[in-house]
Amino acid sequence: MSTEEMSKEQLEEHIGRLREELDREREERNYFQLERDKVNTFWEITKRQFDEKKAELRNKDREMEDAEERHQIEIKVYKQKVKHLLYEHQNNISELKTESSIALKRAQEEHRLQETELRKDKRALKVSYKEQELSHEDSDKELRMKQDQHVTEMRESFERQAREIEAKYEKKMKVLRDELELRRKTEIHEIEERKNGQINALMKNHEKAFSDIKNYYNDITLNNLALINSLKEQIEEMKKKEERMEKEMGEIQLQNRRLTEPLQKANQEVEELRKQLTNYQKDKASLASAKARLRVMNKEMKSLQWEHEVLEQRFERTENERDELYRKFVKAIHEVQQKSNFKNLLLEKKLSALADSLEKKEAQLNEVLSASNLDPTALTVVTRKLEDVLDSKNSAIKDLQYELARVCKAHNDLLRTYESKLLAFGVPVEELGFKPLESTIGGQELGKGPAGLVAAPT
């Protein structure tokens, strides 16, 4: 929209916007002028600083050159000092060598003197050793005599102790016999008193019951019949008790008789113990040794039992492995025989077919050669080609024969390995139920080497 088409108000608004833009542009111009002045001042300041740094850098280069010169001079000075030190070091080394050689000679002389002194000391020590050996033999003899005397004293003391022990046990046996006899008498007396007391009580009870029966019989006629019957039952029970007490008395008397027999056995055992007391120490030692042997034998028995169990488990496992190997062996033998027979048949058929085709080709070739009157050169070319074809066919036949020999040899090797495994596991070959068939080629046996080492046809 042009200014001519605008109205007055629009022109005033447009003028106001232009004035605002003009003021804003002036402010921006002033701001950019200030920025330009700042950049100029900064540039002058940095230029001045750059010149100062250049001057400082030149001063540093001069200082570096001066320091390098001083360093070279110091290096020369130190080299001269090192030369003087090396010269002094060599002089010191030569002096030390001379001093060490002199000290070595002195040390050798001292060593010789010490060696002579040590030899003298060795001779003296040998003499003293012989003297000590003689004195040791004398002391050994004295100790042996003392040991024999001590052994005799110990034997006498042990014999005395054995006699004392024997007397003590005899006293104990007498006391024990008296105590048992007294106990038996007291028990018999107590049993008799209990029996008499029970009999008196029964008599009193019987008399009391009889008097009660009389009183009841006088007072009551009909009701007393039942009481009489009950009392009769009680009397019967009392009689049964009396009989039972008599049986107990008999049993007690039997017990007394039985106790007399152990007493006699105890007396006999005492006499045997007296006899055995003389050999007590020997029996004790033999018992200790027997116990030790028993412990060792128990340990060995436990270890042998454990080994037996382990061996049984191994035996079962090996039997299972043997049966499994036997089954696998039979299966593998059948498979290998079938495969080898099948391969042999295929190879023989191929060989026969190749031989027949070769004969037919030779007959056809002879017929063709006889029918066609060829030139000698063409005949030679044809014969060469024919010979090449025959050579290739012969090589193919030899390869097939080699493959047949390798397969038969692998079959025979497999049979031998299975037979060795069967023998290793304790299974005889006769238990297979059949005889494995070894493969041959043309009625000839194969070699004993591995199947992979069958010689290739040349």
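Please read all numbers here as calculations on a predicted model, not as lab measurements.
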A.B. asks: Drop me the distance from Tyr129's OH to His136's NE2, to the nearest 0.5 angstrom.
C.D. replies: 9.0 Å
A.B. asks: Which atoms form the tightest heavy-atom contact between Glu403 and Arg406, and what is the distance?
C.D. replies: OE2-NH2, 2.8 Å
A.B. asks: Is there a side-chain contact between Arg183 and Leu180, using heavy atoms and a 4.5 Å cut-off?
C.D. replies: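 Yes - at least one pair of side-chain heavy atoms lies under 4.5 Å apart.
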A.B. asks: Before accepting this row, confirm whether a basic side-chain N of the pair Asp140/Arg144 lies closer than 4.0 Å to the acidic partner's carboxylate O.
C.D. replies: yes
A.B. asks: Decide yes or no for His150 and Met154: does some side-chain heavy atom of the first lie under 4.5 Å from some side-chain heavy atom of the second?
C.D. replies: yes
A.B. asks: From Asp138 CG over to Leu143 CG, what is the distance, rounded to the nearest 0.5 angstrom?
C.D. replies: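 One gets 11.0 Å once the value is rounded to the nearest 0.5 Å.
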A.B. asks: Going by an N to O cut-off under 4.0 Å, is there a salt bridge joining Glu115 and Arg112?
C.D. replies: no
A.B. asks: Lys172: which residues meet the salt bridge (charged side-chain N to carboxylate O under 4.0 Å, His left out) condition with it, sequence neighbours left out?
C.D. replies: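 Testing Lys172 for salt bridge (charged side-chain N to carboxylate O under 4.0 Å, His left out), a comparison that skips the adjacent residues, returns none.
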A.B. asks: Could you walk me through whether Glu312 and His308 pass side-chain hydrogen bond (donor to acceptor under 3.5 Å, both in side chains), step by step?
C.D. replies: CA-CA 6 Å; Glu312 282 184 349; His308 179 68; 2.5 Å; yes
A.B. asks: Can you tell me how far the OG atom of Ser100 sits from the CD1 atom of Ile102, to the nearest 0.5 Å?
C.D. replies: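 These two atoms lie 8.5 Å from each other.
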A.B. asks: How long is the gap from CG on Leu57 to CZ on Arg62, to the nearest 0.5 Å?
C.D. replies: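 Rounded to the nearest 0.5 Å, the CG-CZ separation comes out at 10.0 Å.
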A.B. asks: Apply salt bridge (charged side-chain N to carboxylate O under 4.0 Å, His left out) to the pair Glu109 and Arg106, showing each step before the final yes or no.
C.D. replies: CA-CA 5 Å; Glu109 291 176 357; Arg106 289 177 183 173; over 6 Å; no
A.B. asks: Salt-bridged, Glu52 to Arg48, with N to O below 4.0 Å?
C.D. replies: no
A.B. asks: Got a salt bridge between Arg24 and Glu27, using NZ or NE/NH1/NH2 to carboxylate O under 4.0 Å?
C.D. replies: no
A.B. asks: Do Leu86 and Lys83 have side chains that approach each other closer than 4.5 Å (heavy atoms only, starting at C-beta)?
C.D. replies: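 The answer is no; the side chains never approach within 4.5 Å.
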A.B. asks: Under 6.0 Å from the CD atom of Gln161, do we count more than 12 heavy atoms belonging to anything else shown?
C.D. replies: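 Atom CD in Gln161 is packed in, count exceeds 12.
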A.B. asks: Given the rule in the side chain to side chain contact (heavy atoms under 4.5 Å, CB included) test, do Thr152 and Asp148 qualify, once you have shown the distances and angles that lead to the verdict?
C.D. replies: CA-CA 6 Å; Thr152 54; Asp148 294 334; 5.6 Å; no
A.B. asks: Is it true that the side chains of Gln313 and Glu309 contain a donor and an acceptor less than 3.5 Å apart?
C.D. replies: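 The criterion, which ignores hydrogens and geometry beyond distance, is not satisfied for Glu309 and Gln313.
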A.B. asks: Any heavy-atom pair between the side chains of Arg177 and Glu181 that's under 4.5 Å?
C.D. replies: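 Of all side-chain heavy-atom pairs linking Arg177 with Glu181, none is under 4.5 Å.
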A.B. asks: How far apart are the C-alpha atoms of Lys79 and Val82, what are their side-chain angles, what is the distance that settles it, and do they pass the side chain to side chain contact (heavy atoms under 4.5 Å, CB included) test?
C.D. replies: CA-CA 5 Å; Lys79 283 182 179 179; Val82 168; 5.6 Å; no
A.B. asks: From Arg123 CZ over to Lys120 NZ, what is the distance, rounded to the nearest 0.5 angstrom?
C.D. replies: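 Between Arg123 CZ and Lys120 NZ, I get 8.5 Å after rounding to 0.5 Å.
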A.B. asks: Between Glu56 and Lys53, is there a side-chain heavy-atom distance shorter than 4.5 Å?
C.D. replies: yes
A.B. asks: Measure the spacing between CD of Glu131 and NZ of Lys126 and express it to the nearest 0.5 Å.
C.D. replies: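 Rounded to the nearest 0.5 Å, the CD-NZ separation comes out at 14.5 Å.
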A.B. asks: Between the side chains of Gln80 and His84, does any donor sit under 3.5 Å from an acceptor?
C.D. replies: no
A.B. asks: From the options Glu35, Gln33, Glu28, select the one residue that forms a side chain to side chain donor-acceptor pair (under 3.5 Å) with Tyr31.
C.D. replies: Glu35
A.B. asks: Please identify each residue that fulfils salt bridge (charged side-chain N to carboxylate O under 4.0 Å, His left out) with Glu20, with sequence neighbours left out.
C.D. replies: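 In terms of salt bridge (charged side-chain N to carboxylate O under 4.0 Å, His left out), with neighbours along the sequence ignored, Glu20 is linked to no residue.
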A.B. asks: Charged N to carboxylate O below 4.0 Å: is that the case for Asp413 and Lys409?
C.D. replies: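 Yes.
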